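These figures come from a predicted structure and were not determined experimentally. Chain naming here is simple, since letters A, B, ... match the order of the sequence lines and numbering starts at 1 in each.
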Protein chains: 2
Amino acid sequence: MTEATYFILAALLQEPLHGYGIIKRAGEQSAGRVKLAVGTLYGALDRLAEAGLVVIDHEEVVDGRPRRYYRITDEGVTAVREEAVRLQQAARVVTVQIAVMGA
Amino acid sequence: MTEATYFILAALLQEPLHGYGIIKRAGEQSAGRVKLAVGTLYGALDRLAEAGLVVIDHEEVVDGRPRRYYRITDEGVTAVREEAVRLQQAARVVTVQIAVMGA
DNA sequence: GGACCATATATCGGGGTCCGATATATGGTC
DNA sequence: GACCATATATCGGACCCCGATATATGGTCC
């Protein structure tokens, strides 16, 4: 799983969001470090939807323009949880070694 | 930093290794999850060397074939340590939210 | 002896992903 | 009027991964 898809799924854990909302949420959750580009977002959302990790929750029309809300699926929650474990383990590989160096 | 470059740097933390040794070490450190492809390795090593995160430590000749040992630089150690922190924080973004969901 | 695998380096090309640029549209601020 | 935030969508360039391929040796297995 790429970093972009990971943060998209993470952004959707609380509630369904539309595209622009995902970008903002991902920025908030990472303290500004992650800035999803729009070109990244829509391509990644298409792939996630095809993989069944997200689905379209509902669509609204605001100011005459459509707004599409995406919802994470149970499968998506499982996938992002497993990825979090992998990231945690990857981080440990380095931190443990550096801790030993310092000792 | 991509996952491949991260695990290459992690593999070099203990001691200088040659290409094939890096592949094996990365596999060991990740309990078999990370399998660096050779095509990935040499391209990534070139980029890391250009960025100054690794340098060629020395070259040996074994059975008439050269064996090139790469060493991580201080800059490389700093970079991989910072990346470990980022991975840790990224993992937390998900684990904290899921913990709250369960509560 | 031949097949296969581990060791070992190197390159090439295809494919996937990221992301800035661009287009389009509205409403608010300065 | 200019600019920015909000909002969706697409395209192309750039970057990176990785399997395939080439080359070479030594060991194991049948």
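Regarding Y42(B), its OH atom lies at a distance of 13 Å from the C1' atom of dA22(D), rounded to whole Å. Atom P of nucleotide dG19(D) and atom CG of L36(B) are separated by 11 Å, given to the nearest angstrom. Rounded to a whole Å, the CD1 atom of I56(B) is 11 Å from the P atom of dT9(C). One can place CD of E3(B) at 10 Å from P of dC17(D), the figure rounded to the nearest angstrom. Remark: P of dT6(D) and CZ of R25(A) are 14 Å apart, rounded to the nearest angstrom. The interatomic distance linking L45(A) (CG) with dC18(C) (C1') rounds to 14 Å, in whole Å. Distance I23(A) CD1 to dG20(C) P: 11 Å, rounded to the nearest Å. Atom P of nucleotide dT6(D) and atom CG of L41(A) are separated by 15 Å, given to the nearest angstrom.
In this structure, CZ in R71(B) is found 11.0 Å from CD1 in I56(B), a value given to the nearest 0.5 Å.
Pairing partner, dA20(D): dT11(C), with both Watson-Crick or wobble hydrogen-bond distances short of 3.5 Å. Applying the Watson-Crick and G-U wobble criteria (two distances, each under 3.5 Å), dA14(D) pairs with dT17(C). The partner of dT26(C) is dA5(D), by the rule that a Watson-Crick or G-U pair needs both atom distances under 3.5 Å.
Residue whose closest nucleotide on DNA chain C sits further toward the 5' end, between K35(A) and Y69(B): Y69(B). Heavy-atom nearest nucleotides on DNA chain C were determined for G21(B) and for D63(A), and the one closer to the 5' end corresponds to G21(B).
L45(A) has its side chain within reach of I22(A): a pair of non-hydrogen atoms, C-beta onward, lies under 4.5 Å apart.
A donor-acceptor contact closer than 3.5 angstrom is absent between the side chains of R25(A) and Q14(A).
Distances from the side chain of A37(B) to the nucleotides dT8(D), dT9(C), dG19(D) place dG19(D) closest.
Within the 4.0 angstrom heavy-atom criterion, base atoms lie near V38(B).
Remark: Y20(A) is in phosphate contact with dT6(D), judged by side-chain N or O atoms under 4.0 Å from OP1 or OP2. Checking the phosphate oxygens (OP1, OP2) of dA9(D), a side-chain nitrogen or oxygen of R68(A) falls inside 4.0 Å. Checking the phosphate oxygens (OP1, OP2) of dA7(D), a side-chain nitrogen or oxygen of R67(A) falls inside 4.0 Å. Remark: R47(B) is in phosphate contact with dC17(D), judged by side-chain N or O atoms under 4.0 Å from OP1 or OP2. Close to dA6(C), at under 4.0 Å from its OP1 or OP2, lies no side-chain N or O of K24(B). Note on T40(B): a side-chain N or O is less than 4.0 Å away from OP1 or OP2 of dC18(D). For the OP1/OP2 pair of dC15(D) and a distance below 4.0 Å, the side-chain nitrogens and oxygens of T2(B) include no atom meeting the criterion.
Listed for the Y70(A) side chain is no donor-acceptor partner under 3.5 Å among the backbone atoms of I8(A).
Ring orientation note: the planes of H58(A) and Y69(A) are close to parallel, at an angle under 30° on the 30°/60° scale.
The 12-atom threshold is not exceeded at CD of E50(B), counting heavy atoms of other residues, nucleotides or ligands nearer than 6.0 Å.
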